[in-house]
Protein chains: 2
Amino acid sequence: MSKSGESLAVTDPATDVPCCPPLAARRIPAAAAAVLAPAFKALGDPVRLQLMSMIASAPGGEICVCDLTPAFELSGPTISHHLKTLREAGLVDAERRGSWVYYRPRPDLMRQLSILLALEAGTA
Amino acid sequence: MSKSGESLAVTDPATDVPCCPPLAARRIPAAAAAVLAPAFKALGDPVRLQLMSMIASAPGGEICVCDLTPAFELSGPTISHHLKTLREAGLVDAERRGSWVYYRPRPDLMRQLSILLALEAGTA
DNA sequence: ACGCGGTTTAGATAGATGTCAACCTAGACA
DNA sequence: TGTCTAGGTTGACATCTATCTAAACCGCGT
């Protein structure tokens, strides 16, 4: 794995999103829970939640790691690990352009998670 | 702590929900992330995600633990521990009536989480 | 070749998961 | 009233996984 634009791909749970009307609509199947729980788990850390927010709210739809790292009092490798967790969860996508790596959100999975938690119909 | 209807209360993060437009709207403050991340963390386990779904989709708005436990291949105490995690996260509420304990969802926090993940405006 | 930006590996510490045993509460029955 | 039984929770423990730092590594630009 080492080509620009594909270097950091790991797995793609986001493309395997199983189904999923809101949790409150009917009981989620075990298989779907097994696929979607890791995404919630990835968001279950304050640092990753902030990272996700910075990525999702980035002006141009993407943000450089060099802008993410200095926003926390953590070492570079630690931030990189958290970003890898978000990648493996299918929440973000990474692309290397030149010397810098840019992260961008994956709307599909985020939308799916939002719908899952919705109580009534009609989520984003 | 041992009165019907209040016995199982632990803490109430759900009542301290800080704010929170969608993640993609603007960067979430560290304090808000610290409060909300535990809720996502609680949902970050397949068993708890299914429990949450069974509780949220219960016909009468609530469900007996005696109906939850046999749905999994796990011991009673284990289910009870998972339910405690959901309680402490502020996602569900428990009440003892007679010999049985009933769980019901807390819409406030669920709605907040759903909005957080929404990409456009207008979630549930 | 050198330096810089990021990721990866390796290893220590802290936290999560699941089971057994003990406890508490509520209803049943004598 | 006293005790027995069943439903759930709590506590303690073994095991597994996550989090973080330090050091090594890879790709790119100069």
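Every chain is numbered from 1 and lettered A, B, ... according to where its sequence line falls, protein lines coming before strand lines.
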Participant: Can you check the A:L43 CG to D:dA18 C1' distance for me, whole Å?
Facilitator: 16 Å
Participant: Report the distance from atom CZ of A:F72 to atom P of D:dT19, rounded to the nearest whole Å.
Facilitator: 14 Å
Participant: Identify the heavy atoms of A:P46 and B:A33 that sit nearest to each other, and give their distance.
Facilitator: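 For A:P46 versus B:A33, the nearest heavy atoms are O-CB, 3.8 Å.
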Participant: Among C:dT7, D:dT19, D:dT10, which nucleotide sits nearest the side chain of A:L83?
Facilitator: C:dT7
Participant: Establish, with yes or no, whether the OP1 or OP2 oxygen of D:dC28 is under 4.0 angstrom from a side-chain nitrogen or oxygen of A:W100.
Facilitator: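 No, outside the criterion.
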Participant: Roughly, in whole Å, what's the span from NE2 in A:H81 to P in D:dT21?
Facilitator: 11 Å
Participant: Of the candidate nucleotides C:dA26, C:dT7, D:dT10, which contains the atom at the shortest distance from the side chain of B:S80?
Facilitator: D:dT10
Participant: For the side chain of B:S53 and the backbone of A:L23, is there at least one donor-acceptor N/O pair under 3.5 Å apart?
Facilitator: yes
Participant: Which residue lies toward the 5' end of DNA chain D, A:D45 or B:I79, if each is placed at its nearest nucleotide?
Facilitator: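 The residue closer to the strand's 5' end, by nearest nucleotide, is B:I79.
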Participant: Establish, with yes or no, whether the OP1 or OP2 oxygen of C:dT19 is under 4.0 angstrom from a side-chain nitrogen or oxygen of B:S75.
Facilitator: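 Looking at the OP1 and OP2 atoms of C:dT19, one of them is under 4.0 Å from a side-chain N or O of B:S75.
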Participant: Which sits closer to the 5' end of DNA chain C, B:S99 or B:T85, going by the nucleotide each is nearest to?
Facilitator: B:T85
Participant: D:dT10, C:dG18, D:dA23: which one has an atom nearest the side-chain heavy atoms of B:L74?
Facilitator: C:dG18
Participant: Considering only NZ, NE, NH1 and NH2 on the basic side and carboxylate oxygens on the acidic side, decide whether B:R97 and B:E62 come within less than 4.0 Å.
Facilitator: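 Between B:E62 and B:R97 there is a salt bridge, with a charged N closer than 4.0 Å to a carboxylate O.
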Participant: Rounded to whole angstroms, how far apart are NZ on B:K84 and P on D:dT10?
Facilitator: 5 Å
Participant: Answer yes or no: does a side-chain N or O of B:R48 lie under 4.0 Å from OP1 or OP2 of C:dA16?
Facilitator: no
Participant: Of all the nucleotides listed (C:dG5, C:dT7, D:dT9), which has the minimum atom distance to the side chain of A:C66?
Facilitator: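 Minimum distance to the A:C66 side chain belongs to C:dG5.
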Participant: Within the 4.0 Å heavy-atom criterion, would you say A:T78 contacts the bases, only the backbone, or no part of the nucleic acid?
Facilitator: base
Participant: What is the distance from atom CG of B:L116 to atom CG of A:L43, rounded to the nearest 0.5 Å?
Facilitator: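 The CG atom of B:L116 sits 9.0 Å away from the CG atom of A:L43.
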Participant: Any luck finding a side-chain donor-acceptor pair between B:R87 and B:Y103 under 3.5 Å?
Facilitator: yes
Participant: Between atom CZ in B:R96 and atom C1' in D:dG8, what is the gap in whole Å?
Facilitator: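 Roughly 6 Å, once rounded to whole Å.
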Participant: Is any side-chain heavy atom of B:V92 closer than 4.5 Å to a side-chain heavy atom of B:R106?
Facilitator: no
Participant: Output the rounded distance in Å from CD (A:E95) to C1' (D:dC28).
Facilitator: 15 Å
Participant: Measure the distance from CG on A:L51 to P on D:dC20 and round it to the nearest whole Å.
Facilitator: 11 Å
Participant: Has A:Y102 got a side-chain N or O lying under 4.0 Å from the OP1 or OP2 atom of C:dG5?
Facilitator: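 Result: no.
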Participant: Report yes if a side-chain nitrogen or oxygen of A:Y103 is closer than 4.0 Å to either non-bridging phosphate oxygen (OP1 or OP2) of C:dT7; otherwise report no.
Facilitator: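 It does, given that an N or O in the side chain of A:Y103 lies less than 4.0 Å from OP1 or OP2 of C:dT7.
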Participant: Counting any heavy atom closer than 4.0 Å, what does A:H82 reach on the DNA or RNA strands: base, sugar-phosphate only, or nothing?
Facilitator: sugar-phosphate
Participant: Within the structure, does a side-chain N or O atom of B:K41 lie under 4.0 Å from either OP1 or OP2 of C:dG15?
Facilitator: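 Result: no.
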Participant: If you only use heavy atoms from C-beta on, which nucleotide in D:dA18, C:dG6, C:dA16 is closest to the side chain of A:C64?
Facilitator: C:dG6
Participant: How many Å lie between CD1 on B:I63 and C1' on D:dG8, as a whole number?
Facilitator: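 The answer, rounded to whole Å, is 15 Å.
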